[in-house]
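Hydrogens, waters and symmetry mates play no part in the numbers below; they use all other heavy atoms, side chains included.
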Amino acid sequence: MAIDGFVLDIPDTPANDAEFGRSGGTKNPAPFPQVKIVGLGECGTHAVVAARLGPWRVDEGALAKELVADFEPGMLITADRGFYAYRLWEAAAATGADLLWRMPDGPHLPVVRPLKDGSYESFLLDPKVRGRRATQRHRGSRIEEPSGIPVRVVEYEVTNREGKGEIRGMGRESGTTCTSGSWLRPTWRRSAVSTPCSRSRSRRW
């Protein structure tokens, strides 16, 4: 399963205009009202099994928080880096679903324990803990140990894409994914995580 967001034009009615608005502002408005959608879909069939709608300018993360209610234990949920936020991950993991999300550059993911397949155990630092540590450091008091949600980190590189970073005529993309739930187990090999799931992610729509 994958979560993703997109914007659709909808019928040009006063009710839709009032509810969802349209991009472009008052000087150059779009020809139709537009709705922001964040959907939960099957990567193979492209069937969208749940969705949340909002005005075109609403943040995708806000709709994703509502969509978490449709996650179920045993689901494998993939998401792009733009969806990551600590509280969203926390809420999604609490549903019992397994998570496999690309990560933005910001979060520090320390190596807690390296695994034989090249992935490693880490944790997502709780923002509350980070704030307390900053205050403690400023005051010169004892600094508590960093803590947060345990994850498994898989670093990857895609070398068959056209575009930026061309190497011998082939595009190249590198990144990091974090996993949770049953995918934390060291018995899951890195190749079982990265290769099939990266392929299914690209076929989500």
_Can you see whether Tyr86 engages Arg130 through a side-chain donor-acceptor pair at a distance of less than 3.5 angstrom?_
no
*Under a 4.0 Å N-O cut-off, is there an ion pair linking Arg133 with Glu144?*
no
_Salt-bridge criterion met for Asp117 and Arg152 (N-O under 4.0 Å)_ = yes
Would you be so kind as to tabulate the donor-acceptor pairs closer than 3.5 Å made by side chains of residues 32-40, with sequence neighbours excluded?
| from | atom 1 | to | atom 2 | distance (Å) |
| --- | --- | --- | --- | --- |
| Gln34 | OE1 | Ser23 | N | 3.1 |
| Gln34 | OE1 | Ser23 | OG | 2.7 |
| Gln34 | NE2 | Asp9 | OD1 | 3.2 |
| Lys36 | NZ | Trp56 | O | 3.2 |
| Lys36 | NZ | Val58 | O | 2.8 |

_Is there a side-chain contact between Leu8 and Phe6 in this structure, where contact means two heavy atoms from C-beta onward sitting under 4.5 Å apart?_
yes
*Do the non-hydrogen side-chain atoms of Arg81 and Met103 ever get within less than 4.5 Å of each other?*
no
*Identify the heavy atoms of Leu125 and Pro146 that sit nearest to each other, and give their distance.*
CD1-CB, 3.8 Å
*Rounded to the nearest 0.5 Å, what separation is found between the CD1 atom of Ile77 and the CZ atom of Phe83?*
12.0 Å
*Specify the closest pair of heavy atoms between Cys43 and Thr78, including all atoms of both residues, with the distance to one decimal.*
SG-OG1, 4.4 Å
*Set of side chain to side chain donor-acceptor pair (under 3.5 Å) partners for Arg22, sequence neighbours left out*: Asp12, Asp17
*Heavy-atom distance under 4.5 Å between the side chains of Glu66 and Val68, does that happen here?*
no
*Within a radius of less than 6.0 Å around CZ of Arg87, do more than 12 heavy atoms belonging to other residues, nucleotides or ligands occur?*
yes
*Just by distance, do the side chain of Ser119 and the backbone of Leu115 share a donor-acceptor pair under 3.5 Å?*
no
*Of Ile149, Val153, Val112, which is the lone residue that meets side-chain contact (heavy atoms from CB on, under 4.5 Å) with Phe123?*
Val112
